[in-house]
Amino acid sequence: MGLEMHNSLSRRREPFVTLVPGSVSMYVCGPNLYGPAHVGHALSYIFFDVVRRYLEYKGFQVRHVQNFTDIEDRIVARAQEEGRSIFAIAQEYIERFLREMDALRVQRAHHYPRATEVIPKMIEIILGLIARGYAYEVDGDVYFRVTSFSRYGLLSGRSLDQMQAGARIEVDERKEHPMDFALWKASRSGEPSWESPWGPGRPGWHIECSAMSMQFLGEQIDLHGGGDDVRFPHHENEIAQSEAYTGKAPFARFWVHNALMKPPVGDEMHRHLGNFVAIRDALARYEPDVIRLFVLSAHYRTPSRWTDEAVDAAGRGLDRLRAALANADTVLGSDPLPLQDGPLATKASESRTAFERAMDDDFGTPAAIAVLFDLAAEINRASGSAMGGNVEPAGGMVHAAAALRTLAGVLGLRVVPDAIPPGAAAAVLQILDEMRAADPALFPGEGGQHNAGEAIALLLSGRGRAREARRFDLADRVRARLGEAGIVVEDLPGGSRWRLVSRRDARA
RNA sequence: GGCGGCGUAGCCAAGAGGCAAGGCAGGGGUCUGCAAAACCCCCAUACGCCGGUUCGAAUCCGGCCGCCGCCUCCA
């Protein structure tokens with residue numbers, strides 16, 4: 001079965017067929033740069049990152065463009081409040097956004113055009129629209145004439161009459177129709193402005209995406225994504241202005257919208273409401289993998305709520321996946337496994353199939369994650385058996401571990417833990433000194449420049465000697481002290497192992 | 001008023017006609033010097049409520065209740 005996805009335009013699931021076989025042009029609506037991004041943005045960009053990774057996994061050549069809205073009412077307002085230029089504000093938040101996306105391991109788009117960089121293209125489109133009767137100028141403003149575009153309302157599933165009925169804002173009397181939207185706004189005093197055939201002004205919000213999309217991907221694209229909140233009016237308007245200008249439809253073959261994330265308390269997470277969880281704060285408390293696993297554990301069209309309890313639970317689940325890879329490595333490392341084939345090789349290929357079936361079904365990440373857990377359990381069973389002496393069930397372990405890594409990788413999960421944090425590293429060195437002082441015979445050596453990994457290895461070997469000598473007081477002390485530093489010691493049949501406790505709850 | 005979504009175990013969350021995935025938490029075991037991890041077993045006769053269609057319904061139809069989003073700020 002091939003990939004099928006829900007198309008907002010038809011409100012149905014459709015087989016994914018691209019304009020050019022084997023390649024995908026993908027445009028995702030980026031953030032307005034008036035403030036920091038929150039976990040709702042993270043959800044959207046993590047999801048579309050998975051869309052891209054999966055398309056690439058399936059062999060598509062993906063071209064991915066995401067805009068930065070650097071000129072818009074809120075940024076202008078903010079610039080005036082702070083006495084800074086819109087460019088300074090945009091620059092600050094662009095850098096921050098990219099840093100945060102990198103931290104979340106969202107693959108960078110191929111292009112991140114800014115609205116202010118494509119103004120010539122916008123003007124070209126607006127001129128074309130006016131020439132064809134789809135737009136008109138009033139006092140330096142230019143509006144799109146919605147009544148001229150018969151398909152207006154198709155994406156959002158409403159008619160102009162319905163929208164008029166519910167219009168909740170004051171109508172600008174200069175507009176021909178209340179729903180006509182601004183393509184270009186004449187500049188007011190103090191606002192940044194650009195020269196245009198209609199005098200100095202600045203672009204309306206919607207035109208940028210049409211301009212960028214056409215400039216970087218072409219007049220028709222395969223996939224256009226964004227949060228459910230931009231379906232109307234933003235995407236509806238993009239379709240109208242783009243298709244009216246090019247005369248080609250559809251502007252985008254597939255419209256994909258993710259449901260919005262809810263805040264810990266309340267219903268809507270919005271920057272202007274002040275009830276958001278900033279990505280920066282989330283990253284301070286949770287590892288990227290924890291955030292990704294949490295986000296992807298709910299289907300992208302189901303609204304989820306960011307709560308400590310739910311994110312913590314994702315963190316514990318992540319530990320489980322990590323344990324499986326650690327077990328696999330232990331088995332593969334300790335005893336060169338002659339069995340290339342075996343039950344786990346079969347399991348690996350079954351898992352790939354199941355994973356693809358889940359993802360082909362409108363990006364069913366929850367089911368895909370279930371496949372990962374199922375595979376992990378199988379690896380753990382076989383590992384336990386192998387460590388107990390029965391190697392037979394571990395045949396094909398290499399393939400199972402590889403499959404787990406690969407499939408987790410499609411979701412952007414690294415599964416391996418973060419590096420030892422500086423604080424823990426310092427603590428480890430201190431613990432080593434402490435144990436050497438306590439019992440130089442069991443913990444020999446002194447001073448020396450060790451890195452944290454070496455120090456832990458020395459501590460564990462010393463602890464092994466202590467256990468053999470039945471000095472459980474010392475052995476337990478090592479384990480307890482390391483535990484305080486966030487390092488968990490596990491005694492396996494073949495020796496001891498350590499791991500970092502996953503960063504998943506820093507409430508304390 | 002119009003359009004749309006949601007309601008599944010203590011929590012998170014899949015499933016969309018064939019007899020309730022997965023994760024977290026919890027209980028009981030195995031293993032361990034003790035732990036930890038892992039593994040095994042248990043944990044929704046039940047999917048907001050009421051009807052209907054069907055051999056069979058969380059899944060389809062009708063009605064009702066509750067919650068939410070959008071209808072020119074918004075991922």
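What's counted below: heavy atoms across the whole structure, side chains too, no hydrogens, waters or symmetry copies. Below, chains carry the letters A, B, ... as their sequence lines are ordered, and counting in each starts from 1.
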Near-ring test A:Trp306/A:Phe294, centroid separation under 6.0 angstrom: yes
A:Phe472 over B:G33, stacked by centroid distance under 5.5 Å, angle under 30°: yes
Touch class at under 4.0 angstrom, heavy-atom based, for A:Gly384 against every strand present: nothing
Geometric class of the A:Tyr300/A:Phe47 ring pair [parallel <30°, tilted 30-60°, perpendicular >60°]: parallel
Pi-cation contact, A:Phe232 with A:Arg158 (under 6.0 Å, within 45°): yes
Dot-bracket summary - RNA chain B, pairs being Watson-Crick or G-U whose distances fall under 3.5 Å, with | when paired to another strand: (((((((..(((.....[...))).(((((.......))))).....(((((..]....))))))))))))....
Charged N-O contact under 4.0 Å between A:Arg479 and A:Glu484: no
Options B:C70, B:G33, B:A38, nucleotide nearest the side-chain atoms of A:Ala323: B:A38
Residue A:Arg158, side-chain atoms from C-beta onward, closest of B:G33, B:A37, B:G2: B:G2
Between N or O atoms, less than 3.5 Å apart, protein on one side and nucleotides 23-32 of chain B on the other: list the pairs.
| unit_1 | atom_1 | unit_2 | atom_2 | d |
| --- | --- | --- | --- | --- |
| B:C24 | O2' | A:Arg316 | NH1 | 3.1 |

Salt bridge flag under 4.0 Å for residues A:Arg471 and A:Asp473: yes
Nearest to side-chain heavy atoms of A:Met269, which nucleotide of B:C70, B:A75, B:G33: B:A75
Touch class at under 4.0 angstrom, heavy-atom based, for A:Asp229 against every strand present: base
Check: B:C34 base within 3.5 Å donor-acceptor of A:Arg479 side chain: yes
Pair A:Glu82 + A:Arg78: basic N to acidic O under 4.0 Å: yes
Pair of N/O donor and acceptor under 3.5 Å linking B:G4 base with A:Asp228 side chain: no
Derivation of the ring-ring contact (aromatic ring centres under 6.0 Å, His included) call for A:Tyr134 and A:Tyr143: CA-CA 9 Å; A:Tyr134 287 110; A:Tyr143 294 98; over 10 Å; no
B:A75 phosphate, OP1 or OP2, under 4.0 Å from A:Arg271 side-chain N/O: yes
A:Arg497 with A:Asp329: basic N within carboxylate O range, under 4.0 Å: no
Side chain to side chain donor-acceptor pair (under 3.5 Å) against A:Gln241, all qualifying residues, sequence neighbours excluded: A:Ser210
Touch class at under 4.0 angstrom, heavy-atom based, for A:Asp476 against every strand present: base
A:Arg96 with A:Glu100: basic N within carboxylate O range, under 4.0 Å: yes
Close residues, residues 96-111 of chain A, relative to RNA chain B [heavy-atom separation under 4.0 Å]: none
Nucleotide nearest A:Arg499 when distance is taken to its side chain, options B:A36, B:A75, B:C34: B:A36
Sugar-phosphate only, base, or nothing, as touched by A:Phe48 at under 4.0 Å among non-hydrogen atoms: nothing
Side-chain donor-acceptor contact under 3.5 Å, A:Asp70 with A:Tyr93: no
Phosphate-side-chain proximity, A:Asn380 and B:C39, N/O vs OP1/OP2 below 4.0 Å: yes
Test: A:Arg470 and A:Asp476 ion pair at under 4.0 Å: no
Pairing of A:Arg13 and A:Asp361 as salt bridge, 4.0 angstrom limit: yes
Per A:His41 side chain, nearest of listed nucleotides B:A35, B:G69, B:A75: B:A75
Pairing of A:Glu468 and A:Arg465 as salt bridge, 4.0 angstrom limit: no
Touch class at under 4.0 angstrom, heavy-atom based, for A:Val28 against every strand present: nothing
Anti/syn call for B:A37, syn if |chi| within 90°: anti
Sugar-phosphate, base or nothing in reach of A:Ile369, heavy atoms under 4.0 Å: nothing
Earlier contact from the 5' end, RNA chain B, for A:Asp319 and A:Arg470: A:Arg470
A:His235 and A:His257 side chains, donor-acceptor separation under 3.5 Å: yes
A:Tyr34 six-ring centre to A:Arg74 NZ/CZ under 6.0 Å and within 45° of normal: yes
List, with names and distances, any nitrogen or oxygen atoms from the protein found under 3.5 Å away from nitrogen or oxygen atoms belonging to nucleotides 12-15 of chain B.
| unit_1 | atom_1 | unit_2 | atom_2 | d |
| --- | --- | --- | --- | --- |
| B:A14 | OP1 | A:His299 | N | 2.6 |
| B:A14 | OP1 | A:Thr302 | OG1 | 3.3 |

Among B:C73, B:G33, B:G69, the one nearest A:Glu268 by side-chain distance: B:G69
Those residues of residues 136-157 of chain A lying under 4.0 Å from RNA chain B by at least one heavy atom: A:Ser156, A:Gly157
Nearest-nucleotide pick for A:Arg463, side chain only, options being B:G33, B:C73, B:A75: B:G33
Sugar-phosphate only, base, or nothing, as touched by A:Gly30 at under 4.0 Å among non-hydrogen atoms: sugar-phosphate
